[in-house]
Amino acid sequence: MAHGPERADTAPLPPGLDLLWGRRERGRRGPKPGLSVDAIVEAAVRVADTEGLDAVSMARVAKELGFTTMSLYRHVTSKDELLQLMWNASAQGAESLVLEGAGWRARLSNWALIQREMMDRHPWITQMPMAAPPLAPNSLTFVERGLETLDGTGLADVDKIRVIGLISSYTLSEGRMANDAARAAAAAAAAQAAAPAGEAPPSLPTFEALLRQLVDEKSYPILHRIAWSGGVGDTPSGQDEAAEFQFGLECILDGVAKLIERNQGGPSAGRASQD
């Protein structure tokens, strides 16, 4: 007997996802016009962009909008649900995304750079709790755009999603480190500005300076050589962050190219697959 298409599980979606996917009725407007899920999310994103994710609370967002905290709960049931809605909002426009470049590698690189730029615009994304891959509509649309770059490469669909997951994890990790470094630098600058005249606190030491102080040539010959090479850089992390991100991304894409080459049966096929 022939079977029809498999039906998706019809169990209720978790709070937040049910709202994003239209499985739950949106709250009715209160006595004052202007309060809606979209307005709440936009205000929460504004707060997070300017003050950081720690500043986001139902009370703070209500104050931003000029409403009572309780009025927000008619539309958004909890802060956890609000965070899901914010995540989805950060990927707004994914449905119209056009990736530039000739060949899978250029388009996939473009996809990763767009993802990283999104984190630079909204650095609070790097602080979001993530127990599982995002399942919001905009997030899945963005993932779909990434998967499309690998069409025609010969990779199995399961390997395509693994590649997308690997690049996303790398991008998130690098974005988090850059955001943490920026926050540390901002805190140091604020401390310097607040210090009494003639009593400025020391600035953040550079990675190179710390290495030179800590590593000796006998115990750490390679690190010692790097520390005194002059190529580490004079920032706290010792890196040109954008260049380091691009270097890591190219290494990942080299690995993807090798995987495609193996699937297509040889080096010549691997080179052709990038066109």
Side-chain angles (χ1 to χ4, degrees), residues 12-97 113-146 168-169 171-187 190:
L13 291 173
L17 286 180
D18 59 353
L19 187 59
L20 284 166
W21 287 97
R23 306 284 180 87
R24 187 178 95 210
E25 184 180 357
R26 293 192 171 213
R28 299 180 183 277
R29 289 191 303 174
K32 295 169 67 177
L35 188 59
S36 65
V37 171
D38 291 340
I40 291 168
V41 174
E42 289 172 6
V45 169
R46 283 198 305 273
V47 171
D49 284 345
T50 57
E51 303 175 31
L53 190 64
D54 290 343
V56 176
S57 67
M58 298 296 276
R60 176 66 184 86
V61 175
K63 181 180 178 182
E64 179 80 5
L65 290 166
F67 286 87
T68 66
T69 302
M70 287 307 299
S71 63
L72 265 65
Y73 284 103
R74 300 182 65 178
H75 302 268
V76 179
T77 62
S78 67
K79 180 180 175 180
D80 286 343
E81 182 170 291
L82 179 59
L83 293 179
Q84 288 194 64
L85 298 172
M86 291 170 63
W87 187 287
N88 184 65
S90 71
Q92 194 167 11
E95 68 282 353
S96 58
L97 180 64
L113 290 171
I114 289 171
Q115 187 177 50
R116 179 56 199 275
E117 288 166 2
M118 177 176 64
M119 292 178 186
D120 290 340
R121 285 196 307 274
H122 305 296
W124 47 267
I125 292 174
T126 66
Q127 300 171 268
M128 293 279 275
M130 188 186 301
L135 291 170
N138 290 344
S139 300
L140 291 187
T141 299
F142 188 71
V143 168
E144 184 75 12
R145 298 290 87 82
S168 293
S169 295
T171 304
L172 181 62
S173 174
E174 291 294 302
R176 180 178 291 118
M177 289 181 64
N179 181 34
D180 288 348
R183 288 196 297 162

For this session: Of all the heavy-atom pairs spanning Asn138 and Ala91, show the shortest one and how long it is.
Result: CB-O, 3.6 Å
Seminar exercise, completed: Residues at least two apart in sequence or cross-chain that pass salt bridge (charged side-chain N to carboxylate O under 4.0 Å, His left out) with Asp18, listed by chain then number, are Arg24
Exercise. Take atom CD in Glu95; do more than 12 heavy atoms of anything else shown fall under 6.0 Å from it?
Worked result: yes
For this session: List for me each residue that meets side chain to side chain donor-acceptor pair (under 3.5 Å) alongside Asp80, sequence neighbours excluded, and say none if there are none.
Result: none
For this session: Answer yes or no: is there a side-chain heavy-atom contact under 4.5 Å between Val76 and Met58?
Result: yes
Problem set entry | Exceeds 12 heavy-atom contacts within 6.0 angstrom, atom NZ of Lys79 | yes
For this session: Please report the shortest heavy-atom distance between Leu72 and Phe67, naming the atom on each side.
Result: CD1-CB, 4.3 Å
For this session: Could you give me the CA-CA distance, side-chain angles and deciding distance for Arg60 and Glu51, then say whether side-chain contact (heavy atoms from CB on, under 4.5 Å) is met?
Result: CA-CA 11 Å; Arg60 176 66 184 86; Glu51 303 175 31; 2.5 Å; yes
For this session: Any chance you could lay out the side-chain contact (heavy atoms from CB on, under 4.5 Å) test for Arg145 and Ile114, step after step, and finish with the verdict?
Result: CA-CA 11 Å; Arg145 298 290 87 82; Ile114 289 171; over 6 Å; no
Exercise. What pair of heavy atoms forms the shortest contact from Val56 to Ala48, and how long is it?
Worked result: CG2-CB, 3.8 Å
Problem set entry | Electrostatic pair Asp180:Arg176 at N-O distance under 4.0 angstrom | no
For this session: Find the distance between CD (Gln84) and CG (Leu19) and round it off to the nearest 0.5 Å.
Result: 9.5 Å
Exercise. Mind checking whether Leu53 and Leu83 have side chains closer than 4.5 Å, heavy atoms only?
Worked result: yes
Problem set entry | Heavy-atom check, side chain of Arg116 versus side chain of Asp120, under 4.5 Å | yes
Exercise. Can you name the closest pair of heavy atoms from Ser139 and Asn88 and give their distance?
Worked result: N-OD1, 4.1 Å
Seminar exercise, completed: Met86 and Trp124 have their tightest heavy-atom pair at O-CH2, 3.6 Å
Seminar exercise, completed: Sorted by chain and residue number, the side chain to side chain donor-acceptor pair (under 3.5 Å) partners of Glu42 (sequence neighbours excluded) come out as none
For this session: To the nearest 0.5 Å, tell me how far Ile40 CD1 sits from Leu85 CG.
Result: 9.0 Å
Exercise. With a 4.0 Å cut-off, would you call Arg46 and Glu64 a salt bridge?
Worked result: yes
Problem set entry | Donor-acceptor under 3.5 Å (Thr141 side chain, Pro137 main chain) | yes
Problem set entry | CD-OH distance between Glu81 and Tyr73, expressed to the nearest 0.5 angstrom | 11.0 Å
Exercise. Should Arg74 and Leu35 count as side-chain neighbours, where that means a heavy-atom distance under 4.5 Å?
Worked result: no
Exercise. Got a second to check how far Leu135's CG is from Leu17's CG, nearest 0.5 Å?
Worked result: 6.0 Å
For this session: Kindly compute the distance separating OG1 (Thr171) from CE (Met119), expressed to the nearest 0.5 Å.
Result: 6.0 Å
For this session: Measure the shortest side-chain to side-chain distance between Ser90 and Val45 over non-hydrogen atoms and say whether it is less than 4.5 angstrom.
Result: no
